[in-house]
Amino acid sequence: MHLTRLQIEGLRCLREVDLSVNSKAIWLAGPNGAGKTSVLEAIALLGFGRSFRGRVSDGVLARTGGPVQVVAHWIDAAGSERISGLRHWGDRWEARLDGVAQDRLSALATPFPVLAHHPESSRWVSGPAEERRRLVDWLAFHVEPIFADNSQRASRALRQRNHLLRAQAEAVEFDFWETALADAAEAMTRARRAAVAALEHALERVWPGLAGAAPAPRLQWRAGWREEAAPLRDLLYLQRERDRELGYTTIGPHRADLLLGRPFGVESPQCSRGQAKVLALALSLAQVDALRQWNGSHALLLLDDLRAELDLGHFEAVLDWLAARGGQVWISGTEPDPRAQARLTPLQVFHVEQGQLRTESTVEAPRQAL
Ligand SMILES: Nc1ncnc2c1ncn2[C@@H]1O[C@H](COP(=O)(O)OP(=O)(O)OP(=O)(O)O)[C@@H](O)[C@H]1O
Ligand SMILES: [Mg+2]
């Protein structure tokens, strides 16, 4: 899949942007604060319904008021022309796919796999488990159509159980929601485990290019409860009085975690900052590769501030990997890098300055190269 046109209105400093895209590799160049990351956020909005820098209501809307609007024209894996559109006010939104109104943001995201890698992605290694759950859930969402439903069912049941815990409700009221939570959680966990297995295989393919001879880390999924002890439904029952005292549910899919093994011969939390960046980047590339291997779809890859993140050797390794893959990539960086221009041909460069974009150099790409 690749974009051919991108229109953005009212996103941070981007008032009105209309880009014609004609390459599988795009570089957004410009000084700090120009709006490069904001362009990537616009694309991510269509793939996530939120930005990788937070919710739309948390600063994505331009201060001038009005909604943010993003329209992307894109070509899907079958070569068909598609249009995704999202208008977001922060507290409400309207979404259209090929001109048809959608009542769920996941309907927009399902056919439009976007993976955003940005400086905060290294929090996968050093940050809380929630970040790593998102990583696995991205893949699970894109390969298993029912995953989003199960995830929503689990969240709803969890909210209800927490409400009952705090309301000191009668025991009989818990059965329905604990069963619902357990059913959805078991289904989610099967999908998440399958995603982790695919991710681990993909990581083995990506790792040597980035990390050299060191073996790729083994990944392990922790479901969020002691699966070996009993089914989740029984554990929720056993845990109920303790959870009542605490006022929230202490076990379940919301407590799951991805263990990242020993990536550079040390436990993952002991990675240096640079090692954490390389591991996070390897995980991002592995996600994209796992999706391609699973169902043949080429996710759109957004790499924010790529050069600033890496030393030269790792940067070149990523460029080589990008040059060999089929999907479209958008890279941001203050200057267009000559090594990227040499390897990612043709590279379309947009210059970003104070929220305005202009094409600095356009290289006509033959259709079949896309
Ligand atoms: N809600 C908002 N309304 C208007 N302008 C905003 C809003 N939020 C941020 N900005 C401004 O928009 C710009 C956003 O820039 P962005 O983060 O996209 O820049 P960048 O080119 O990626 O910069 P850097 O190289 O520093 O990463 C900044 O100048 C910022 O001050
Ligand atoms: Mg930026």
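Values below: all heavy atoms of this structure, side chains included; hydrogens, waters and symmetry mates excluded. None of these values were measured; they are calculated from a predicted model. Residue indices begin at 1 and follow the sequence shown. Order of appearance sets the numbers: ligands from 1, and atoms from 1 within every ligand.
A donor-acceptor pair under 3.5 Å is formed between the side chain of Gln348 and the backbone N or O of Ser20. Remark: side-chain polar atoms of Glu335 are not paired, donor with acceptor, to backbone N or O of Ala29 under 3.5 angstrom. Between the side chain of Thr4 and the main chain of His73, a donor-acceptor pair closer than 3.5 Å is present. Panel note: side chain Ser23, backbone Ile26; no donor-acceptor pair is recorded below 3.5 Å.
Closest to atom 1 (N) of ligand 1 among all protein heavy atoms lies Leu61 O, 2.7 Å. With respect to atom 3 (N) of ligand 1, the closest heavy atom belonging to the protein is Arg63 N, 2.9 Å. In terms of protein heavy-atom proximity, atom 4 (C) of ligand 1 is nearest to Arg12 O, 3.3 Å. Nearest to atom 11 (C) of ligand 1 among the protein's heavy atoms is Cys13 CB, 4.1 Å. Distance from atom 28 (C) of ligand 1 to its nearest protein heavy atom, with residue and atom name: Gly33 O, 3.4 Å. Shortest contact from atom 27 (O) of ligand 1 to any protein heavy atom: Thr37 OG1, 3.9 Å.
Between His117 and Trp124, the two ring planes are perpendicular [angle over 60°; tilted spans 30° to 60°].
Nearest approach of Ala308 to Lys277, heavy atoms of both residues: O-NZ, 4.3 Å.
Under a 4.0 Å criterion applied to the non-hydrogen atoms of Ser38, ligand 1 contributes the atoms 14 (C), 15 (O), 16 (P), 18 (O). Atoms of ligand 1 lying under 4.0 Å from any heavy atom of Gly35, numbered from 1 in the order shown and given with element: 15 (O), 16 (P), 18 (O), 19 (O), 20 (P), 21 (O).
Inclusion of Thr37 in the first shell of the Mg ion (ligand 2) is supported: an N, O or S atom falls under 2.8 Å.
The protein reaches atom 8 (N) of ligand 1 closely, with a heavy atom under 4.0 angstrom from it.
When heavy-atom distances to ligand 1 are checked against a 4.0 Å cut-off, Arg53 comes that close only through its side chain, counted from C-beta outward. Here Pro31 has backbone heavy atoms under 4.0 Å from ligand 1, and that is the only part of it that gets that close.
Taken from OG in Ser121 to CG in Asp305, the straight-line distance is 11.5 Å, to the nearest 0.5 Å.
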